[in-house]
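Below: one structure, written as structure tokens.
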Amino acid sequence: MSEAQKTAGRQDAGPSTVTGVDRFFRITERGSTFGREIRGGFATFFTMAYILVLNPLILGSAKDKFGEQLDPVQLTTATALVAAVMTIIMGVGGNLPLALAAGLGLNAVVAFQLAPLMSWDDAMGLIVLEGLLICVLVVTGLREAVMHAIPQPLKQAISVGIGLFIALIGFVDAGFVTRIPDAANTTVPVQLGSTGTLAGWPMLVFCVGVLLTIGLLARKVRGAILISIIAMTVVALVINALADVKTWGLTTPEWPDSIVDTPDFGLLGQFSLFGAFGQVGVVTVVLLVFTLVLSDFFDTMGTVVGVSAEAGLLDEDGKVPGLGKVLLIDGAAAVAGGAASASSATSYIESAAGVGEGARTGFANLVTGSLFGLALFLTPLLTIVPLQAAAPALVAVGFLMMTQVRHIEWDRYEIAVPAFLTIAVMPFTYSITNGIGAGFLAYVLIKTVLGRAKEVHWLLWGTSALFLVYFAIDPIEQLLDV
């Protein structure tokens with residue numbers, strides 16, 4: 001680090017009490033400043049604040065076996081509370097700019113796979129069990145050992161795949177890319193916009209936001225991502241007030257009548273740890289928990305590696321600093337999510353937006369977590385940011401993570417093919433777990449075909465076998481008649 005950077009860091013640090021905070025989070029040591037950490041915390045919050053709308057929407061729209069539905073207001077409170085508490089704990093305990101909240105995909109499993117088979121209390125109890133099992137895997141060292149057993153090129157491929165995945169999330173969230181219904185009998189599964197063309201004011205906000213973000217990044221403007229989010233939110237507010245906009249999607253940019261709302265903690269503690277066994281039987285519960293654990297396990301692994309790599313925090317062996325603590329906190333977040341009826345909480349790849357803004361330590365999490373805490377009371381105000389204003393940040397971060405593709409040796413098939421499958425399957429199947437599984441299986445297969453099976457770590461053999469079961473779960477369930 002240059003002397004000028006060190007001096008700037010000392011100036012940002014301020015008084016001795018702040019210097020103690022600097023030392024605790026190793027802010028200057030990691031080449032960051034308080035300003036960057038704060039901007040990163042804000043950027044991460046605004047790119048994942050949609051979960052405050054989306055999680056209640058997904059869980060609240062489903063019915064359990066007995067026709068019961070969860071209250072949306074209580075779900076919003078539970079979602080914000082778990083995100084706030086666990087994000088701050090990750091910042092203090094793990095010292096990584098890695099925010100946590102209810103996991104997308106996992107909440108859909110709870111709503112549409114678990115709840116129809118049992119009560120909501122039983123479904124949330126399975127989430128708690130899943131989190132406890134993950135914590136056991138961490139304590140025994142198995143989860144960390146699996147991560148260390150992955151070859152460095154595959155870790156890089158995971159980061160690149162996540163980059164493409166997060167960019168696709170941005171395009172989809174903004175409506176720039178949409179899925180074409182099968183009934184249309186079209187030749188392609190996705191299209192530009194909702195009709196094959198870009199139309200409407202919200203799309204203009206997104207496109208201008210992308211151009212603004214990449215322009216600011218190219219100019220190396222500090223706070224580029226956050227500036228873009230705020231600027232385009234203001235533009236969206238003005239457009240919504242003056243133009244006739246049919247829909248903005250999940251979040252409409254309009255000033256609320258009231259900026260304060262009272263949190264409702266009615267869902268906290270509403271779970272049954274072993275109730276599901278009586279509802280669906282032991283075999284089905286085991287398979288359901290297995291699916292949850294595997295998905296959560298590798299989504300987190302990919303996210304932690306991807307965000308840490310983008311932040312430049314991996315050591316010379318490609319290992320994440322303090323990985324054991326990070327994974328344990330992530331497992332505890334799953335427990336907390338189930339106990340609060342917010343579904344399993346997990347590490348968010350959107351944290352890369354904060355990293356792109358300069359965050360390098362857990363101090364950024366204090367900002368993100370505090371904003372989620374404020375959301376308990378200020379939800380109407382903090383959810384006015386439309387997806388079209390936040391999504392450009394995801395596209396920009398996708399580019400930043402994609403740059404790691406240059407480190408992969410594409411002339412070595414035993415590395416190139418698994419890397420390609422990892423990178424391609426993630427966005428094409430909309431799942432980090434699927435991409436990692438495809439890459440692992442291809443890596444083991446090619447090493448075996450080349451007569452170099454002994455080079456494969458035994459944990460990769462075991463993990464690949466689990467992925468084989470994961471991908472073949474449907475025929476296995478049919479075979480076992482469950």
Side-chain angles (χ1 to χ4, degrees), residues 105 137 140-166 168 189 287 290-291 293-306 308-309 314-320 323 327 349 401-480:
L137 293 176
T140 58
L142 183 60
R143 197 179 190 189
E144 186 173 352
V146 170
M147 292 187 71
H148 290 332
I150 302 170
Q152 180 65 10
L154 277 185
K155 290 181 180 179
Q156 293 162 341
I158 289 170
S159 297
V160 174
I162 289 175
L164 288 179
F165 179 42
I166 199 171
L168 180 59
L287 288 174
F290 170 77
T291 302
V293 168
L294 205 61
S295 180
D296 201 348
F297 189 113
F298 286 100
D299 265 18
T300 296
M301 187 195 74
T303 298
V304 171
V305 171
S308 298
L314 299 181
D315 63 20
E316 59 275 10
D317 297 321
K319 297 180 180 180
V320 178
L323 181 59
L327 296 179
I349 189 57
M401 298 185 73
M402 180 72 186
T403 58
Q404 295 186 55
V405 74
R406 67 185 184 276
H407 299 301
I408 299 172
E409 300 177 76
W410 293 105
D411 56 345
R412 294 178 55 197
Y413 273 31
E414 69 268 29
I415 291 298
V417 173
F420 165 73
L421 288 175
T422 300
I423 293 169
V425 172
M426 278 190 198
F428 290 158
T429 66
Y430 223 65
S431 168
I432 294 174
T433 299
N434 291 346
I436 294 175
F440 279 19
L441 288 170
Y443 180 79
V444 170
L445 174 65
I446 294 177
K447 283 290 189 180
T448 303
V449 169
L450 295 177
R452 296 158 60 184
K454 291 183 179 180
E455 296 179 8
V456 180
H457 196 286
W458 69 269
L459 281 174
L460 279 187
W461 279 103
T463 303
S464 297
L466 291 177
F467 269 119
L468 198 58
V469 175
Y470 172 78
F471 286 123
I473 193 69
D474 183 64
I476 290 174
E477 287 180 340
Q478 293 185 37
L479 184 65
L480 298 176

### Message
Do Lys319 and Leu314 have side chains that approach each other closer than 4.5 Å (heavy atoms only, starting at C-beta)?
### Response
no
### Query
Any side-chain heavy atom of Leu466 within less than 4.5 Å of one from Phe440?
no
### Summary
Heavy atoms of Ala149 and Leu460 approach each other most closely as O-CD1, 3.7 Å
### Task
For residues Arg452 and Glu414, determine if any side-chain heavy atom of one lies less than 4.5 Å from a side-chain heavy atom of the other.
yes
### Query
Are the side chain of Arg412 and the backbone N or O of Glu409 linked by a donor-acceptor pair below 3.5 Å?
no
## Note on the structure
Closest non-hydrogen contact found for Phe471 with Gly437 is CE1-C, 3.8 Å
### Heavy-atom closest contact (Pro153 atom, Ile415 atom, distance)
CB-CG2, 3.5 Å
### Trace of the side-chain contact (heavy atoms from CB on, under 4.5 Å) decision for Trp410 with Val417
CA-CA 8 Å; Trp410 293 105; Val417 173; over 6 Å; no
### Message
Any side-chain to backbone donor/acceptor pair from Thr140 onto Leu137? Under 3.5 Å, distance only.
### Response
yes
## Note on the structure
d(Leu168 CG, Leu164 CG) to nearest 0.5 Å is 8.5 Å
## Note on the structure
Smallest heavy-atom separation, Met401 atom then Gly163 atom, equals CB-CA, 3.7 Å
### Nearest heavy-atom neighbours spanning Leu154 and Ile150
CB-CG2, 3.7 Å
### Query
Looking only at heavy atoms, what is the nearest atom pair of Ser464 and Val444, with distance?
OG-CG2, 3.2 Å
#### Entry: Pairwise distance NE2(His407) to CD(Gln156) - rounded to 0.5 angstrom
6.0 Å
Please table the atom pairs, donor to acceptor, closer than 3.5 Å between any side-chain atom in residues 420-430 and protein atoms at least two apart or in another chain.
residue	atom	partner	partner atom	Å
Thr422	OG1	Pro418	O	2.8
Thr429	OG1	Val425	O	2.7
Thr429	OG1	Asn434	ND2	3.3

